[in-house]
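Structure first, then comments.
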Amino acid sequence: MNLSLNNRVANNSSSTLKFTKEEWISNNEHRLSCSKAQRNSADRLIFEVKRIAESAAELIKENKEETDYRLKENLKNIEFSKDELFRIQKNVTLEIDALLVAIRRICNTLNNEFENAHLICKKCLFAREHRLGIDLVHDDVQKELYKENDLIQRMKDLLFRVHEQSLEQVRKLKAILYHMNHDLQGKEYNLKIHQENLNSKESCLDQNVRQGKFNHNTPFTLQEWEMQWREVFLNGTKEINTTYTLRNYIDKSLRRAADDLCKQKQLTDDALRRRIEQTSEAKIKLEHEHSEIICQTKTLGAQIRKLEKTIAEKEDSMALVFTHLNNCSQKNGPVSLYDVYDGSLVSEAVDQRKIVTELQRKLCEAQTCMRSMFKIQIQLEEDINIKNNTLKIDEVDCMTIRQIVE
């Protein structure tokens, strides 16, 4: 009926058309029914929209609270990991500085103390090679100098190996420090982003974000991220402990090297002092004996001169006796008999010859003894010169330079 009524209105729009009362009532009821239905539909839509909006607002609120909570937790985790890394980074930096100081100590010990000690030891060995004669002996001083030389060489080799190990440890620490700095930069950047997200407002968004456009690029998962920073953290802690142990070893090595060198130097110096005392004592004895030999030589020389004079006198006396015998042998006639006087002359001649022969034998012995004493005197003088040379080497050349470094 409504359709018919509409058609009629449309077809006779220009003419005056009278509707029936039923049509009028029916049209009003239809309009009211349509309006009421539309209002009911609108009410349902408004309720649904309100419900959805409230539900969405609640969900958004819950999601935002959850996201903010997660964000704050993430910030705490990043802050914690950053603080831990920063603490380890600080310790790594301190260990690098401390290890560099230890390396300088090793270098100073190698280049100064041990190098000087080694040079002095070699000078002493070289100087003692210029000892002369019997004093060129492998004595206690020589043994201690060889021990000192071997000790210094061993300590230098040990400290050189520790020096190389320390340089390698510095390289490892710097590598760890580089990774820590890189990781800390990443964490600082992440903290900045998360802080911006935490402080961002809905009114401060660009058009792309409003249209739901974003770049999602996360190369690491949370587990991988935690594993990465924990690995850096553990490596840093491990290298710090290794460096601490190495520095303690360096301190002990330096102290032990210094103590061993000091003890060995003391042993060498004591042996050198004893040897100087022994050489001085031997030199004094030789000089005393040399003085005695000179005195004895003088006495023996005087005795030889006396013997020579006595022999000359006895030879003159013996010649007189033989002259008397020759004179007696020229007697002729009845007086040419062998009387008591002749016998006495013969006896005297025999005795004179025995005495001269004995004196000549003693003179020969004295002259032989004199030559031996001259030879002994020369040998003593040579030994004294050898001892003087040895004392100069040990007391002046060696002991002086060893006392200077003390």
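All values reported here derive from a predicted model rather than from experimental measurement.
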TODO: Name all pairs fulfilling the salt bridge (Lys or Arg N to Asp or Glu O under 4.0 Å) condition that reach into residues 106-121, sequence neighbours left out, sorted by first residue then second.
DONE: E115-K156

Open item on the list: Tell me every residue that passes salt bridge (charged side-chain N to carboxylate O under 4.0 Å, His left out) with E395, counting only those two or more places apart in sequence or in another chain.
Closed with: none

Open item on the list: K147: which residues meet the side-chain contact (heavy atoms from CB on, under 4.5 Å) condition with it, sequence neighbours left out?
Closed with: E144, Q264

Open item on the list: For R51, give me all partners under side chain to side chain donor-acceptor pair (under 3.5 Å), at least two apart in sequence or on another chain.
Closed with: E48

Open item on the list: For the SG atom of C369 and the CD1 atom of I304, what is their distance to the nearest 0.5 Å?
Closed with: 7.5 Å

Open item on the list: Holding to side chain to side chain donor-acceptor pair (under 3.5 Å), I want the full list of residues that pass it with E148, two or more places apart in sequence or in another chain.
Closed with: T268, R402

Task: Under the side chain to side chain donor-acceptor pair (under 3.5 Å) test, residues paired with Q296 that sit two or more places apart - done: none

TODO: Sequence neighbours left out, what passes side-chain contact (heavy atoms from CB on, under 4.5 Å) with I376? Give chain and number order.
DONE: I293, Q379, L380

Open item on the list: According to side chain to side chain donor-acceptor pair (under 3.5 Å), who are the partners of D251, at least two apart in sequence or on a separate chain?
Closed with: R105

Task: Salt bridge flag under 4.0 Å for residues R171 and E168 - done: yes

Open item on the list: For H130, give me all partners under side-chain contact (heavy atoms from CB on, under 4.5 Å), at least two apart in sequence or on another chain.
Closed with: F126, I393

Task: Partner residues of K122 under the side-chain contact (heavy atoms from CB on, under 4.5 Å) criterion, sequence neighbours left out - done: H118, N149

TODO: Keeping to residues at least two apart or across chains, list the salt bridge (Lys or Arg N to Asp or Glu O under 4.0 Å) pairs with something in residues 35-45.
DONE: none

Task: Minimal non-hydrogen separation, L158 against Y249, with atom names - done: CD1-OH, 3.5 Å

Open item on the list: Can you pull out every salt bridge (Lys or Arg N to Asp or Glu O under 4.0 Å) where at least one residue sits in residues 365-391? Sequence neighbours excluded, please.
Closed with: D135-K387, R361-E365, K362-E365

Open item on the list: One thing to verify: whether D260 and R154 come together as a salt bridge, which I'm taking to mean a side-chain N less than 4.0 angstrom from a carboxylate O.
Closed with: no

